[in-house]
Structures are given as structure tokens and as C-alpha cells.
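Convention: sequence-line order gives letters A, B, ...; per-chain numbering from 1.
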Number of protein chains: 2
Amino acid sequence: MKESRGSRRQRNAPTISDVARHAGVSPMTVSRVINAESNVRAETRRRVQEAIATLHYAPSAAARTLAGGEEFRLGVLHTNSSLFYFSEFLVGCLDQGSRQNCTMVIEKCEEGTELAAIEHLLRGRVDGVLLPPPLGDSATALEALRARDVPVVAVSTGRAPEWALSVSIDDRKAAYEMTRHLGALGHRRIGFITGAANQTASAERLAGYRDALADMALAADEELVAEGWFTYRSGLDAAEQLLELAEAPSAVFAANDDMAAATVAIAHRRGLDVPGDLTVVGFDDSALATTIWPELTTIRQPVSAMARTAVDLLAREIRARKTSDAGLDHPHLLADYQLVRRQSDAAPRRRPNAAPRRVQAGAV
Amino acid sequence: MKESRGSRRQRNAPTISDVARHAGVSPMTVSRVINAESNVRAETRRRVQEAIATLHYAPSAAARTLAGGEEFRLGVLHTNSSLFYFSEFLVGCLDQGSRQNCTMVIEKCEEGTELAAIEHLLRGRVDGVLLPPPLGDSATALEALRARDVPVVAVSTGRAPEWALSVSIDDRKAAYEMTRHLGALGHRRIGFITGAANQTASAERLAGYRDALADMALAADEELVAEGWFTYRSGLDAAEQLLELAEAPSAVFAANDDMAAATVAIAHRRGLDVPGDLTVVGFDDSALATTIWPELTTIRQPVSAMARTAVDLLAREIRARKTSDAGLDHPHLLADYQLVRRQSDAAPRRRPNAAPRRVQAGAV
DNA sequence: CTGAAAGCGCTTACAG
DNA sequence: CTGAAAGCGCTTACAG
């Protein structure tokens with residue numbers, strides 16, 4: 001029943017050698033793949049990653065520390081970000097952190113207490129700091145961190161400071177695509193609900209919407225743009241405002257899913273069918289997008305993958321600084337987004353003129 | 001600036017060999033002293049301890065785990081649980097896991113693929129398995145795990161199998177309290193939307209609702225109970241059904257927040273104000289509860305704390321089995337829940353008779 | 001781009 | 001009661 005006699009093997013976990021054997025390479029190569037070192041052939045890397053996946057391999061933190069001795073502490077500063085976003089973000093951080101032997105130190109701050117929170121984090125000796133929204137746009141936080149010369153990654157900001165690291169999607173391009181999608185469906189009056197003014201991603205998304213309108217030669221009335229600040233509450237008011245317009249839009253593009261969900265609620269309150277009478281699309285693909293009905297067509301932002309990348313980037317930067325190498329090659333990373341089509345969009349009921357495009361079977 | 005040539009030594013900390021040399025014994029003897037083993041002569045022990053003190057020696061945790069080897073792998077099997085629940089659950093698992101040197105292996109299954117998923121997990125050599133809802137109630141999964149003699153913790157089930165470990169809240173008592181709360185507000189006709197029939201927590205919550213109705217001597221018409229299965233979609237239908245009743249309820253208690261949110265949506269669609277015209281309360285306190293408007297009064301289930309406890313429990317069990325100690329003392333833990341009052345409940349518009357109770361300032 | 005060797009600091013399993 | 005040997009799972013430093 002027990003182990004064979006001599007074996008010291010206590011745990012059942014697969015080791016780096018198991019993976020190596022499985023992939024037909026040396027342990028050293030596996031080590032390189034785990035640590036995301038660049039000098040491994042793509043094909044080899046793929047084989048190793050496959051072996052890792054099928055074996056459910058996870059490196060032993062103990063062995064890594066003992067052997068390499070590299071062990072970072074990364075701070076995550078956050079403040080009332082959407083719970084949807086933040087939990088996905090955290091899962092990514094924790095996951096990558098355990099892979100790279102980074103301990104994550106979570107610190108929450110309120111509006112105005114950023115400085116104290118940063119102070120606390122630094123006293124706890126973190127080697128770098130992650131800034132999920134909206135902190136990546138906070139001048140206060142950014143300044144303070146820069147003054148202390150601490151490596152920083154801003155995640156999901158529209159425009160990251162030059163000196164910091166960042167991981168984002170191309171918000172402008174994504175919003176552009178979504179708006180074009182709406183146009184292709186046959187919509188001529190497309191409303192937009194903006195995000196919070198203090199986040200650079202908001203401006204990017206708005207710009208993308210405007211670019212598309214211009215390219216499609218559609219009306220860009222100012223009244224078609226309603227101000228929101230990313231919360232469900234603000235979406236309620238903004239949607240109300242848009243639907244009360246003399247010439248109401250046939251489609252509303254909200255800068256995030258919370259506000260899109262609010263728009264659906266307002267439409268329902270007014271007896272409008274979505275998407276029959278009104279098309280509503282969001283942005284982020286948060287859990288909310290697939291919880292409500294109809295499920296939201298939206299832009300998928302791969303939050304946890306971005307978080308993983310952010311941790312990786314930060315660890316590299318810290319390492320680079322230690323060896324006083326030059327800085328990183330690509331400090332500003334762009335992650336892939338995706339337009340995911342679900343049940344909340346359709347061609348407008350009465351298409352003005354325009355040739356009929358792909359008309360979708362009405363949902364609900 | 002760099003290390004001296006040959007040395008791999010990164011830290012400056014004294015090692016067990018330094019102590020041994022200093023005390024004039026072998027490292028093995030030092031190890032014995034550190035671990036308080038009995039078979040060391042008093043005089044030898046004294047010398048070692050002195051060396052430890054003067055060198056400020058502290059054993060390396062990493063080396064000990066590596067050599068001694070307590071490091072578990074815990075599997076998390078999940079299947080379309082609410083994203084809200086699952087991400088909070090995962091955060092708790094990961095956090096506690098890193099504290100206790102447990103690696104979490106996540107495996108997703110679909111309806112019908114439980115067995116294959118378990119097979120895969122075991123091939124991945126996990127030492128124990130966590131079962132978040134609805135898997136803690138899956139006979140298939142439970143049987144398979146039991147047959148393989150793998151330690152299991154079921155989380156958030158209404159009734160865990162005797163042989164397994166479990167962490168839950170008292171669903172029945174919580175539902176009872178919520179229903180009493182509604183009664184205290186002055187509601188006389190209280191509707192209930194059930195959870196999925198295949199989850200034991202659903203029956204518990206329903207039972208709690210009925211207990212309270214009985215204790216308050218309120219009508220327990222069968223028509224007041226509508227069937228849901230925890231999804232927003234099902235909540236939409238159930239709420240519709242309840243509000244179409246000839247004698248509609250003045251309050252609806254949904255067995256989770258998703259369905260409560262759906263009920264709010266239906267109420268709005270019918271021009272009803274919440275909580276002015278209809279009180280709606282939920283269960284779980286998921287992120288959704290504070291996203292929509294009005295924010296939901298609900299039962300807070302401390303999911304991530306429960307996950308932490310579950311990991312801890314499982315680790316103890318695995319350890320106990322290894323040393324073939326007796327099983328754990330308290331294999332079935334009850335976590336504390338909390339009724340959190342927000343904006344979705346109020347006294348009914350026209351209280352039938354009943355003395356007026358604490359009337360709340362109407363929200364929105 | 002890939003691998004063989006040595007070693008991180010400790011403990012288990014044996015042998016005296 | 002004490003010690004010499006081997007090995008935990010990984011990484012660094014070299015070598016090709």
C-alpha cells in the first residue's frame with residue numbers, strides 16, 4: 001500500500017523531471033519554459049506546456065526558493081473597482097504569483113488615502129506594485145510610486161505613463177469595432193454611455209465610437225452621448241436620458257457591462273424589448289454580461305490573463321533592475337480583446353433605407 | 001557588486017552546517033535539537049542551543065518543506081457554478097493554499113463528465129478534493145471519490161454526506177431569519193422562489209421559509225412558492241408567476257441573489273417600485289447584490305472564508321490519514337452568516353391591520 | 001537553442 | 001546517543 005522501500009518520495013506531485021520525461025526534453029528546458037525565458041524553440045515550448053497541462057504540474061515553491069532564492073513581494077493596490085473585475089484580476093495575480101514565487105500583498109485604499117496605503121505597502125517591503133483600475137490613472141498614486149522609484153504596472157488604463165509598465169487592450173480600437181458592428185447591423189442612430197471621466201480608458205472608448213461614426217458617415221449628435229461613470233446607477237440615468245430623446249437611438253453602446261445592464265433594465269421598464277426594440281451592447285465581458293437576460297453582446301477583456309502578464313512583467317522588471325540590465329524591451333503590452341456576440345443586439349426594427357444585412361433571429 | 005565567484009550562496013543567513021561546526025557536532029544532531037527530538041544528550045543539546053543563539057540561526061522553511069516534504073495538492077472540481085460565487089471561492093482557496101503550502105489544481109467538468117474529470121484530477125495526483133456547489137450534492141462525484149478513498153470537503157451544501165468533510169452555513173436558520181425579518185416589517189403574504197432541486201441547500205432554505213411562516217402564523221399557500229433553479233433566467237419566470245397571482249405577495253424572498261435581481265427586473269417591467277410596491281430579498285450576498293439598484297437585502301455567506309476553512313480542514317484530514325491518527329474531531333463546520341439590510345426591503349405600502357412596526361424611510 | 005553538473009539547506013533512513 | 005549518505009525539486013553557472 002505504501003511507497004516502495006527506499007523511496008523518500010512523500011508527495012504524489014509530479015516534478016519537473018516528470019514533465020521533462022513526458023515532453024522528451026531535459027529538466028533544464030522545462031525550467032526555462034516555466035520561467036518564461038525566451039530562448040526556447042516554439043515547438044519545444046509547446047510540447048513542454050502540453051506536458052505541464054496534462055500532468056497538472058505545478059512547481060514546488062519550496063524547491064524554487066531553495067535553489068534560486070528569488071522571491072519577490074508584489075503589492076496590489078486597489079480601490080472600489082468593480083468586484084467582477086477585481087476578483088478575476090486577483091485570480092490571475094495569485095495564479096501567476098505562485099508560479100513565479102511571488103507573494104501577493106493586497107492593500108485596499110479609499111479615495112484620498114492612496115498615499116498612506118502606498119506607505120504601508122512599502123513599509124511591508126514590496127518589490128513592485130500592481131495598479132488595477134482606476135488606480136493606474138491616479139496621478140497621486142503614480143507620483144508617489146515614481147518618487148520612491150518602485151517598479152509599477154498599470155493594468156487596463158487607456159494611456160499609461162511612459163515610465164511605468166502597462167498591460168491593456170486597445171480600448172479605442174475595440175470600441176471602434178463594436179460601433180462598426182452596430183452600423184453593419186443597420187443602426188443609424190447609435191447612442192453611447194461614457195465611462196468615468198477620471199479614467200483614461202473612458203476617453204479611448206469614446207474616441208473609438210466617434211472614429212467609427214465618422215468612418216460610417218453617421219450622425220454624431222452630441223445628444224447621443226450620455227455621461228456615465230461605470231456604475232449601474234449612473235447607467236440608469238444615462239439610459240433614461242438617451243431613451244427620452246425626441247429621436248431616440250435604436251442602439252446603445254455602454255462603455256461597460258454594468259451600465260449596459262442598467263440600460264436593459266430601463267428599456268424593460270419602458271416596455272421595450274431587447275434586442276427587438278433596442279439593441280444594447282456593453283464592454284468588458286464581466287460576469288454580469290452572462291447573468292442577466294438577454295445576455296450581453298460585449299467586448300471581452302481577458303482580465304485574468306492580463307493580470308498574469310502584469311505579474312510576469314513586474315517580476316522581470318524587478319529582476320532587470322537588480323542585475324542593472326537595461327530596462328525591458330516591451331514595457332507596454334497590448335492584450336487581445338474579442339467582440340463576443342450574444343443576445344442583446346439585432347438589426348433595428350424598421351431599417352431606414354440601407355440594404356438589409358445579416359438579420360438575426362430575434363432572441364427571447 | 002556581484003557574488004564572489006564560486007558561491008551559490010545568496011542569503012547571508014547561517015545554515016545548519018554553520019551551527020554544527022560551531023558546536024562541534026554533525027548537522028544531523030543540530031537537526032535533532034531543532035526538532036526537539038529526545039535522543040540527544042543534555043550536554044550536547046546545550047552546546048547546540050548555544051551555537052544557535054550566538055549565530056542567530058533560524059532554519060530555512062523552504063529547505064525543511066523540500067526535505068521533509070509536507071506539501072499537498074488539492075483539487076477543486078467545479079461546474080457552472082455562479083461566477084460570482086466561484087471567483088470568491090477561488091480567492092479563498094488560493095490564499096489559504098499558499099499559507100499552508102498547498103497547491104490548488106483547478107478542474108472544470110460539465111454535466112455528465114464528472115467521472116472523467118475526477119479521473120483526470122487523480123491522475124494529476126491530488127491528495128484531496130474540494131467540492132463547491134453544486135458538486136457537493138452530486139451523488140456521482142461523491143461516490144467516485146469515496147470509492148477511491150480520497151479525502152473530500154463539500155462546501156455550501158445543505159446536507160453533506162456523513163463520511164465527508166464539509167463547511168456550510170445553516171441555510172435553514174438563515175432563511176428562517178430572513179422570513180421573520182420580512183414578517184417583522186409587516187408583510188403578510190411572502191412569496192418564495194426556490195433554488196435548484198438538485199441542491200440540498202435549496203430544500204434547507206425552503207424549509208427555513210416555511211418554519212418562519214408557521215411560527216408567525218402566516219398563510220403558507222402553495223401558490224406562494226415558485227420554482228427556480230438559481231439562474232437569473234429561471235428567476236424571471238418565477239417572479240412573473242408570483243406577481244400574476246390574484247393575490248400577489250407584497251414581498252418576494254428569492255433563494256439566491258441572481259433570482260432576486262431577476263425579480264427586481266420583472267417588478268420594474270410591470271411599473272412596480274422596489275421596495276415601495278414590492279419588497280425583494282435575496283440570498284448569498286454575491287457581487288450582483290450591490291451592483292443593481294436598489295441594492296439587495298440578502299444573507300451574506302462568507303464564501304472566501306469558507307473556502308479558507310475548507311482548505312485547512314482538508315489539509316488536516318490528509319495529515320491525519322497519513323499518521324493514521326483518528327479522524328478529525330469536527331468534520332462538519334458551520335460558518336456564520338449575516339443578514340445584511342440594504343435598499344430592497346420596506347414595510348408594505350398598505351399594511352393590512354397589524355400594529356405598525358419600524359417603518360423605514362423609503363429608499364429611492 | 002539545449003543539456004550535464006553541482007548545490008541550495010534541510011530531513012529521512014540506515015548504520016553504528 | 002551520534003553520524004555519513006542520499007535525496008527532496010528546483011536553479012545557477014557552464015558548456016556546447
**Study point:** With sequence neighbours excluded, residues passing ring-ring contact (aromatic ring centres under 6.0 Å, His included) with H56(A)
**Key:**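 Per chain and number, H56(A) pairs via ring-ring contact (aromatic ring centres under 6.0 Å, His included) with H120(B).
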For the pair [X] (side chain) and [Y] (backbone), establish whether a donor and an acceptor sit closer than 3.5 Å, ignoring hydrogens and angles.
X	Y	answer
D127(B)	L74(B)	no
S168(B)	T157(B)	yes
E50(A)	V48(A)	no

From [atom1] of [X] over to [atom2] of [N], roughly how many Å is that when rounded to an integer?
X	N	atom1	atom2	value
R47(A)	dC1(C)	CZ	P	15 Å
R21(A)	dG3(C)	CZ	C1'	16 Å
R46(B)	dT2(D)	CZ	C1'	18 Å
I16(A)	dG3(C)	CD1	C1'	13 Å
R32(B)	dC10(C)	CZ	C1'	13 Å
L66(A)	dT12(D)	CG	C1'	13 Å
E43(B)	dC1(D)	CD	P	14 Å

Give the nucleotide from the list [options] with an atom nearest to the side chain of [X].
X	options	answer
R64(B)	dT11(C), dC10(D), dG3(C)	dT11(C)
Y57(B)	dG9(D), dG3(D), dC10(C)	dC10(C)
M28(B)	dA13(C), dC8(D), dT11(D)	dA13(C)

Check your understanding: Can S17(B) and R21(B) be counted as having a side-chain donor-acceptor contact under 3.5 angstrom?
Key ->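 No - no donor-acceptor pair under 3.5 Å links their side chains.
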Compare side-chain N and O positions of [X] against OP1 and OP2 of [N] and report whether any pair is under 4.0 Å apart.
X	N	result
S31(B)	dC10(C)	no
S26(B)	dG3(D)	yes
T29(A)	dG3(C)	yes
N39(B)	dT2(D)	no
R41(B)	dC1(D)	no
T44(B)	dT2(D)	yes

Study note, to complete from the structure: Base-pair string, DNA chain C, Watson-Crick plus G-U, cut-off 3.5 Å on both distances, | for inter-strand, is |||.||||||||.|||
Review point. Counting any heavy atom closer than 4.0 Å, what does P59(A) reach on the DNA or RNA strands: base, sugar-phosphate only, or nothing?
Key: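 Sugar-phosphate, backbone atoms only, no base.
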Review point. For residues 28-55 of chain A, which residue pairs qualify under ring-ring contact (aromatic ring centres under 6.0 Å, His included), counting only residues two or more places apart or in two chains?
Key: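 Listed once each, the pairs would be none.
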Exercise for review: Any chance you could measure R159(A), atom CZ, to S166(A), atom OG, to the nearest 0.5 Å?
Suggested key: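 Rounded to the nearest 0.5 Å, the CZ-OG separation comes out at 12.0 Å.
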